[in-house]
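Residue numbering restarts at 1 for every chain, and letters A, B, ... go by the order of the sequence lines.
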2 protein chains.
Amino acid sequence: MKLPTSTEWVLHCAASLAQLQPGETASATQLATYYDLPAPYLAKQLQALTRAGILAASTGPRGGFRLARPAADITMLQIVEAVDGAVAPYECREIRQQGRGALSAEECRETCPLARTMAEAHDAWRASLAAVSLADILAELPSGAPARTRRILTG
Amino acid sequence: MKLPTSTEWVLHCAASLAQLQPGETASATQLATYYDLPAPYLAKQLQALTRAGILAASTGPRGGFRLARPAADITMLQIVEAVDGAVAPYECREIRQQGRGALSAEECRETCPLARTMAEAHDAWRASLAAVSLADILAELPSGAPARTRRILTG
DNA sequence: GGTCGCCTACTCGGATACGTAATGTCCGAGTCGGAATGG
DNA sequence: CCATTCCGACTCGGACATTACGTATCCGAGTAGGCGACC
């Protein structure tokens, strides 16, 4: 069970974009330079966030990415699932219905306890991430951080 | 973020082994036949559980696998981490210390809020799985299940 | 008939190929800003 | 001096190699039980 490396990238990028002022944008190249990341691959991930409706993209000179809605309305879960997909890590293939000890369809009306337990754990994980928004993250940074980020990122 | 397919296999196998009586064992071949799984690969996963101290293996004729300790002392988390490894899905590589916007080591004394949030979510997931033991799973099965499992599995 | 020894068959354990998905890179389509030009 | 037109450069978007991991398989070492021979 492993999240893509790019998860950390987009989380930090989203946090940086949240520190910009309304109307300002940052290009994929600027963000890649800011964190020393491979620019083309980072752009690919930012596109995924755009498709998910988390970021908005502008083309042309002075274009780039910005948050599609207020930082308080963007949760960690939304960002993570945008890059990794929203599929549960445990996929029940109903092996209890296969082989020598196969159960009848009648006996499988109830979801098997194993799958249910795994699903509950996944729900707990999702709830924990959904409880934290980008605004909550920004609130934990030093008060001077946004100005510094804007100056270095766009400079 | 995806768990190996074999996770479902070993969970079901562990549940089946928990239904055996003390002293009884089931070989990898028997378990593979019971669930219609590729025997050699299943054996590889059962070995991982043996190394983790969850199962005990006996060689020779009439040998096989059995639980290494009572079902109440084996949690879902222990089984899952035995096959998947115990590494957290989100690995913080401290990209905030790289690139144009790198923070000084002084400013990174505190773990970054993003990594902390991801770690808390992982803790919630682990706690949810650690709260359920194999004995809890067995308690949800029909009362006649153990006898049926033993008959088909060892027969 | 009992006991000892050997042998066979079955078990797990680790080392070895294959397929798929994430990682990393590239080039093309579209668009806005700016400069040069003409009025 | 101002408006217009054209050009250029920068942006995102999707399509293409490369690498690493999970999947699947095989063969070898070790052991307990069963059979036969011997006492």
Whole angstrom is fine here: how far is it from CD in B/E91 over to C1' in D/dA20?
14 Å
Could you give the CZ-to-P distance, from A/F65 to D/dC10, as a whole number of Å?
17 Å
Taking the ring centre of each residue, are B/H122 and B/Y90 less than 6.0 Å apart?
no
Rounded to whole Å, please give me the gap between CG in A/L46 and C1' in D/dG14.
15 Å
Roughly how many Å is it from CZ in A/R62 to C1' in D/dT11, rounded to a whole number?
13 Å
Which letters describe nucleotides 20-26 of chain C, given B = protein heavy atom under 4.0 Å from base, S = only from sugar-phosphate, - = neither?
---BBBB
Heavy atoms, side chains only, cut-off 4.5 Å: are B/L134 and B/T75 in contact?
no
Pick base, sugar-phosphate or nothing for A/A43, based on heavy-atom distances below 4.0 Å to the nucleic acid.
nothing
A/P61, nearest nucleotide to its side chain (from D/dA32, C/dC32, D/dC12):
C/dC32
Could you tell me whether A/E107 and A/R96 have a side-chain N and a carboxylate O separated by less than 4.0 Å?
no
OP1 or OP2 of D/dG14 less than 4.0 angstrom from a side-chain nitrogen or oxygen of A/R51, does that happen here?
yes
In this structure, how many angstroms lie between the P atom of D/dT11 and the CZ atom of A/R66, rounded?
17 Å
Check every atom of D/dC12, D/dA9, C/dG13 against the side chain of A/A57 and return the nucleotide holding the closest atom.
D/dC12
With sequence neighbours excluded, what pairs up with B/R148 under the side-chain hydrogen bond (donor to acceptor under 3.5 Å, both in side chains) test?
none
Select one nucleotide: of D/dG33, C/dC12, D/dG14, the one nearest the side-chain heavy atoms of B/T59.
C/dC12
Rounded to the nearest Å, what distance is computed from the CG atom of residue B/L37 to the C1' atom of nucleotide D/dG22?
16 Å
Note: A/E91-B/K2 ion pair, threshold 4.0 Å (strictly below)
no
Less than 4.0 angstrom from a charged side-chain N to a carboxylate O is my criterion; do B/E81 and B/R126 meet it?
yes
Could you check which of D/dG33, C/dG13, D/dT11 has an atom nearest any side-chain atom of A/S27?
D/dT11
Give a yes or no on whether a salt bridge exists between B/E24 and B/R150, defined as a side-chain N under 4.0 angstrom from a carboxylate O.
yes
